[in-house]
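Below is one structure; the comments refer to it alone.
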Amino acid sequence: MGKVNILTPQVVAKIAAGEVIERPASLVKELLENSFDAGADQITVELRQAGKTFIGVSDNGSGIDSDDIEKIFLRHATSKLKESQDLDTILTFGFRGEALYSIAAVSDVTLTSRTPEHDAAVQIHARGGQVLQRVSTAAESGTRIEIRELFFNTPARKKFLKSDPTEIHQILAIVSSYALAFPGARLRLIHADRTLLDLAPAGNRKVRFCDIFNLPEANVIAAGSGPDQRRIKMEMLLGDQTLSRSRRDIQLIYVNSRPVYSKSLAFHINQAYRKIIPAKENPCFAVFLDIPPQYVDVNVHPAKREVKIMDEPRLAADLAAKITQYLTEGANPLQMPLPSSLDQPEPVKPAVSMPYLIRETLDIYTAAPAGADTTPATGLRGKLQQAAFIGTLSEKYILMEAGTSLLILDQHAAQERITFESLKRQAALGRPQSQTLLAPITLSISAQEKTAWEALRKQLDPLGFDTTLWDGSSLAIHAFPALIKDPQRSLREILNWKEDQADDIDSLAKRACRGSLTSGYRVDKNQAQYMVKELLGCQEPLSCPHGRPTVVELTLKTIDKEFLR
Ligand code: ADP
Ligand code: MG
C-alpha cells in the first residue's frame, strides 16, 4: 500500500489560512485592504473581545456584483488579476484571491454587499469553508463583512491568541498604518462599543500622521524629493528629536501605498537619525516611496508584509542621505544644537528638573534590605566600598580611586539601578514615595498607549503614579515616584507596550526607572559618595536593570601597559 495521500480541500484550506490569517490583526489587515481596493473612503472596523469573537468591517466601496458573490470564498478568486503579466504592474493590495477563502475556512462569515447599480444587496453566509446560505436583503451600497468565532475549527491556532490588550495593540498598529496610507479616508475603530480611533479625512499626510499618533505638528518635518532617473519618488514625515521614543513603534515605511516591513530601509533611516538622537532612542517617522511597479516584487510574502525592491541598497543610501539633509538643514530647522560628536550625542535634558539626588528622608527605602551581607565584600564591590572620589568626566562618569585601580562609575546606569531597586522595595512595602503635583502634568498619548494605560493603570499605583485620563488623547499625571526625574518619559516607557511584555511590578519598575536620567549633570564629591553608598545598598550594584555595567575597573596594570611601562 502506498503512503501518499492527497489532502482534502478542507485540510488544504486550513493550511493555507495558516499563512494568511494568524490573528485578528491579520484579518483586519486583509479586510481593510479589500475595502481600499474597492475604492472606499469610509470604513468602520468593529471588534468584540479584541476581534476574537467578532470583527465587522463596513465600507462604502464599489460593492460586489451578485453574479460574483458565490465565487469570492473560492481559492484564487480575484477581480484584480487576470493574466500573469499583470503581476508586474499590480497596484491593488490584493491579487491572490486568498484572503476571503482563508478567512471563511477558519471562521463564520456573513458578507453583505450592494453595488450602486443594484437596488438589493446580497448576503452570503459561510462557515468553516462551506457556503450555507445566500439571500437578498436591503443594505447601503458598499460591503459589510462580519466574522465570528475566529479559529473555531483550528483550536491550536486559537490557543496562540494573546491577551486582549496585546491583540488590540496589534490591530491598532495595522489600522494606523493603513489610515496613514489613505489620509483622505474616514476611518473608525470601535472596540466593545468604545471608539479607539475616529479619524476625520485629513488634507495631507502630515496632518493624518499627527492625528493618528497624537503628535504635535510643529515637531514633524514634511519633505519630499523626486522623481529621480529611475522615476522613484520619496516623501517623508520626520519627527524631530523631541519625539524620540524607547521603541520603534512609530516607524512606518510604504512602498506604493502599501505598508511594508523592510529591515534594511528601517536600519538606514534609523542610522541617518543618529546624527540628532542618541543610539538608544528611536525616532518617529513615516516614509512613502513611489516606485515604478516593475522595480518592485510584492509577491514574496504570503501576507505581502515584505517586498523586494530592485537595487535596494542604493535606494536605502539615497534615502538616508536625504533624511540626513532634511534633519540637519531642512526647511524646518531643529531647535536643539547639534552635538559636537556625531557618534555620541548628548542626551536630551529631562523636561522636569528635580533635585539630583534622592533626599535623605528616603533613606529607609533605599537602605540595604535586612539580612543583606554586611561583611566587607571582595572584588569590585569591595573596591567600590573603599573608593575615594577623584572627579567626574563629561558629566557622565564619576572617577574614583580604589587601591591601585581606577573605578569609573556610569552615573546614569548607577542611578537606574538605585531607582529600580528602591521602586521595587517601596512597591513591596506598599509605601510608594511619590511626588504630588498641585497642577497635573499632561502627557499626550496615542490610541495604543491609551489601551496600554487602561490595561496597566492598576499596577501603576504601587509604583507611586497617580494618573487619570485628562481628555480623549492625554493623561494627567497627578503624582509620580519621587525617585523619577522625568515622569513623562518614565510613563511613556511603561506605556510603550511590546508584544508579550510582562506587566509585573519588576518589569514596570525596570521601565519606569528609565526616567531617572542622570547623565548631563556635574556631580560633586558629596553627591558621588552618596550615590556609591546607595549603590552598595543594592542587591545587584554592578549592573543597571537593563544589563549594562554600572562600574568599570581600570587596573594600574592596564594603565601602565598603555604607557608602555
Ligand atoms: P484579493 O483581494 O486578493 O482579490 P480576497 O479574497 O481578499 O482576494 O477577495 C476576493 C474578491 O472579493 C476581491 O478580488 C474582490 O473582487 C471581492 N471583494 C472582497 N472584499 C471586497 C470589498 N470590501 N468590496 C468589494 N469587493 C470585495
Ligand atoms: Mg484581498
Side-chain angles (χ1 to χ4, degrees), residues 9 12-14 16-22 24-46 55-84 86-87 89-107 109-118 121-126 129 131 134 139-147 150 174-175 177-178 181-182 185-188 256-260 293 297-305 307:
V12 171
K14 281 190 191 175
E19 290 198 345
V20 185
I21 309 297
E22 277 173 276
S26 36
L27 222 141
V28 169
K29 169 189 174 290
E30 294 296 336
L31 299 179
L32 281 179
E33 289 190 348
N34 281 348
S35 294
F36 284 120
D37 278 347
D41 64 1
Q42 285 188 34
I43 304 175
T44 303
V45 180
E46 293 155 82
I55 299 175
V57 177
S58 316
D59 69 48
N60 66 344
S62 63
I64 301 171
D65 204 282
S66 55
D67 293 340
D68 285 336
I69 205 134
E70 299 274 6
K71 290 187 223 154
I72 57 169
F73 294 122
L74 298 176
R75 191 170 201 187
H76 309 308
T78 179
S79 55
K80 301 166 194 174
L81 188 69
K82 278 205 189 83
E83 314 281 344
S84 77
D86 295 350
L87 255 183
T89 52
I90 201 96
L91 281 173
T92 49
F93 288 117
F95 55 81
R96 293 154 64 119
E98 279 191 310
L100 292 186
Y101 159 80
S102 305
I103 292 170
V106 294
S107 66
V109 187
T110 305
L111 184 141
T112 313
S113 194
R114 180 165 83 77
T115 59
E117 302 82 53
H118 286 78
V122 257
Q123 185 172 77
I124 189 160
H125 175 203
V131 173
R134 175 191 164 146
E140 299 277 302
S141 103
T143 302
R144 175 170 174 83
I145 181 162
E146 295 184 346
I147 289 149
L150 182 59
I174 289 286
V175 176
S177 69
Y178 283 84
F182 295 89
R186 163 131 201 247
L187 221 71
R188 286 191 303 157
N256 299 342
S257 294
R258 186 190 296 279
V260 295
D297 187 355
V298 289
N299 200 17
V300 292
H301 186 280
K304 308 181 204 83
R305 256 198 308 271
V307 296

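Heads up: numbering here begins at 1 and tracks the sequence. Hydrogens, waters and symmetry mates are skipped; everything else that's a heavy atom, side chains included, is used. When a ligand or atom number is given, it counts from 1 through the structure's own listing order.
- Counting heavy atoms closer than 4.0 Å to ligand 1, residue Asp59 contributes side-chain atoms (C-beta onward) but none from N, CA, C or O.
- In terms of polar-atom proximity, Lys80 is counted as a contact of ligand 1, with an N or O under 3.5 Å from an N or O of the ligand.
- Distances from atom 6 (O) of ligand 1 to the heavy atoms of Leu100, Leu31, Asp65, Asn60 put Leu100 nearest.
- Residue contacts with ligand 1, taken as heavy atom pairs separated by less than 4.0 Å, involve Thr78 via backbone and side-chain atoms alike.
- Counting heavy atoms closer than 4.0 Å to ligand 1, residue Phe95 contributes backbone atoms (N, CA, C, O) but none from C-beta onward.
- By heavy-atom distance, the residue among Gly97, Ser113, Gly63, Gly61 lying nearest atom 3 (O) of ligand 1 is Gly97.
- Heavy-atom proximity to atom 16 (O) of ligand 1, evaluated over Ser102, Ser58, Ala99, Ser79, is greatest for Ser79.
- For Ala38, no nitrogen or oxygen atom sits less than 3.5 Å from a nitrogen or oxygen atom of ligand 1, counting backbone and side chain alike.
- Looking only at distances, a side-chain donor or acceptor of Arg114 sits under 3.5 Å from a matching main-chain atom of Ala139.
- Using a 4.0 Å cut-off between heavy atoms, Ala40 makes no contact with ligand 1 at all.
- Panel note: side chain Arg258, backbone Val307; no donor-acceptor pair is recorded below 3.5 Å.
- Listed for the Arg144 side chain is no donor-acceptor partner under 3.5 Å among the backbone atoms of Asp59.
- With rounding to the nearest 0.5 Å, the separation of CG in Leu187 from OG1 in Thr44 is 8.0 Å.
- In terms of protein heavy-atom proximity, atom 22 (C) of ligand 1 is closest to Thr143 OG1, 3.7 Å.
- Note that the OG atom of Ser66 and the CZ atom of Arg134 stand 5.5 Å from one another [nearest 0.5 Å].
- With hydrogens and angles disregarded, no donor-acceptor distance shorter than 3.5 Å links the side chain of Ser26 to the backbone of Ile21.
- With a 4.5 Å cut-off on side-chain heavy atoms, Leu74 and Tyr101 do not count as touching.
- Put simply, Asn34 gets within reach of the Mg ion (ligand 2), with an N, O or S atom under 2.8 Å from it.
- In Glu30, neither the side chain nor the backbone holds a heavy atom less than 4.0 Å from any atom of ligand 1.
- Note that the CG atom of Asp37 and the CZ atom of Phe95 stand 10.5 Å from one another [nearest 0.5 Å].
- Between Thr78 and Arg96, the closest side-chain pair of non-hydrogen atoms is not below 4.5 Å.
- Taking distance alone, with nitrogen or oxygen atoms compared against 3.5 Å, Ile64 stays at or beyond that limit from ligand 1.
- Nearest protein neighbour of atom 12 (O) of ligand 1, counting heavy atoms only, is Ile72 CG2, 3.4 Å.
- Contact of the Glu146 side chain with the Val109 side chain is not registered, since no non-hydrogen atoms from C-beta on lie closer than 4.5 Å.
- Of the protein's non-hydrogen atoms, the one nearest atom 10 (C) of ligand 1 is Ala77 O, 3.4 Å.
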